[in-house]
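One structure is given here, and the rest of the page talks about it.
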Amino acid sequence: MVKYFLGQSVLRSSWDQVFAAFWQWYPNPYSKHVLTEGIVHREVTPDQKLLSRGLLTKTNRMLRWAERLFPANVAHSVYILEDSIVDAQNQTMTTFTWNINHARLMVVEERCVYYVNSDNSAVQEFGLARFKNNVTKTMKGFEYILAKLQGEAPSKTLVETAKEAKEKAKETALAATEKAKDLASKAATKKQQQQQQQFV
């Protein structure tokens with residue numbers, strides 16, 4: 001009998017961070033069942049993919065009736081092989097994991113694929129921000145050339161006008177705040193003087 005499970009998760013980190021974290025996965029507080037781990041083979045293929053094979057030892061508490069089927073020294077641990085293929089150019093990593101002992105009882109195979117989420121890519125966000133900035137610069141340059149051809153002094157762009165308006169609004173708000181503080185201070189002084197006169 002074969003059973004399948006499919007899951008999906010989103011890691012809110014860059015590709016480089018995920019790639020680096022993968023090789024430092026153990027130990028961590030949530031994997032105390034992982035006893036040992038190490039790389040037994042590694043190579044770079046002609047098409048620049050990194051192939052690795054890791055060996056992990058994990059605790060594997062069996063049901064009591066199943067423990068009788070295996071020698072005592074292997075009944076409580078399982079050996080796992082993990083093959084990984086890293087394609088740095090396309091920013092993908094695929095891992096294949098399976099148990100090499102207890103196979104008479106059960107074989108568990110796992111395949112994971114790590115890739116950049118196109119809906120939530122830091123690279124895309126950076127590119128979009130840069131594109132917007134470049135469009136502003138492009139329009140500013142275009143307006144400058146148009147004004148120059150018409151023999152006029154280059155007019156301010158909408159961005160510059162908006163920036164100036166924002167700065168002016170800040171200055172006005174600051175001046176209003178200072179004025180309010182001054183009025184509040186004068187009112188407090190006047191009230192204090194009135195209270196002092198009542199006691200005289």
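Predicted model, so just to flag it, every value in this text is computed and none were measured.
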Which atom names give the shortest non-hydrogen contact between [X] and [Y], and what distance separates them?
| X | Y | result |
| --- | --- | --- |
| Ser13 | Gln17 | CB-OE1, 3.3 Å |
| Asn101 | Asn99 | O-ND2, 2.8 Å |
| Ser84 | Thr95 | CB-CG2, 3.8 Å |
| Tyr114 | Trp15 | O-CZ3, 4.1 Å |

Are [X] and [Y] side-chain neighbours, meaning at least one heavy-atom pair lies under 4.5 Å?
| X | Y | result |
| --- | --- | --- |
| Thr94 | Arg111 | yes |
| Val86 | Trp23 | yes |
| Leu81 | Phe96 | no |
| Glu109 | Val107 | yes |
| Leu56 | Glu82 | yes |

Find out if a path of hydrophobic residues (ILVMFWY) with successive side-chain heavy-atom gaps under 4.5 Å connects [X] to [Y].
| X | Y | value |
| --- | --- | --- |
| Val44 | Phe19 | yes |
| Leu51 | Val40 | yes |
| Leu50 | Trp25 | yes |

Rounded distance (nearest 0.5 Å) linking atom CD1 of Ile80 with atom CD1 of Ile100: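 Answer rounded to 0.5 Å: 8.0 Å.
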Working to the nearest 0.5 Å, report the span between OG of Ser77 and NZ of Lys58.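 Ser77 atom OG to Lys58 atom NZ measures 12.5 Å (nearest 0.5 Å).
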Does NZ or CZ of Arg53 fall inside the cone over Trp98's six-membered ring, less than 6.0 Å from its centre and within 45° of the axis?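 Geometry flag: not set, cation outside 6.0 Å or 45°.
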Would you give me the side-chain donor-acceptor pairs under 3.5 Å for residues 31-39, sequence neighbours excluded?
| from | atom 1 | to | atom 2 | distance (Å) |
| --- | --- | --- | --- | --- |
| Ser31 | OG | Asn28 | N | 3.4 |
| Ser31 | OG | Asn28 | O | 3.3 |
| Ser31 | OG | Asn28 | OD1 | 3.4 |
| Ser31 | OG | Asn28 | ND2 | 3.1 |
| Thr36 | OG1 | Thr57 | OG1 | 2.8 |

Would you sort out whether Thr45 and Asp47 count as a side-chain hydrogen bond (donor to acceptor under 3.5 Å, both in side chains), showing the intermediate values? CA-CA 5 Å; Thr45 64; Asp47 59 347; 2.3 Å; yes
Please check if the number of heavy atoms outside Gln89 that lie under 6.0 Å from its CD is greater than 12.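 Atom CD in Gln89 is not crowded, with 12 or fewer foreign heavy atoms closer than 6.0 Å.
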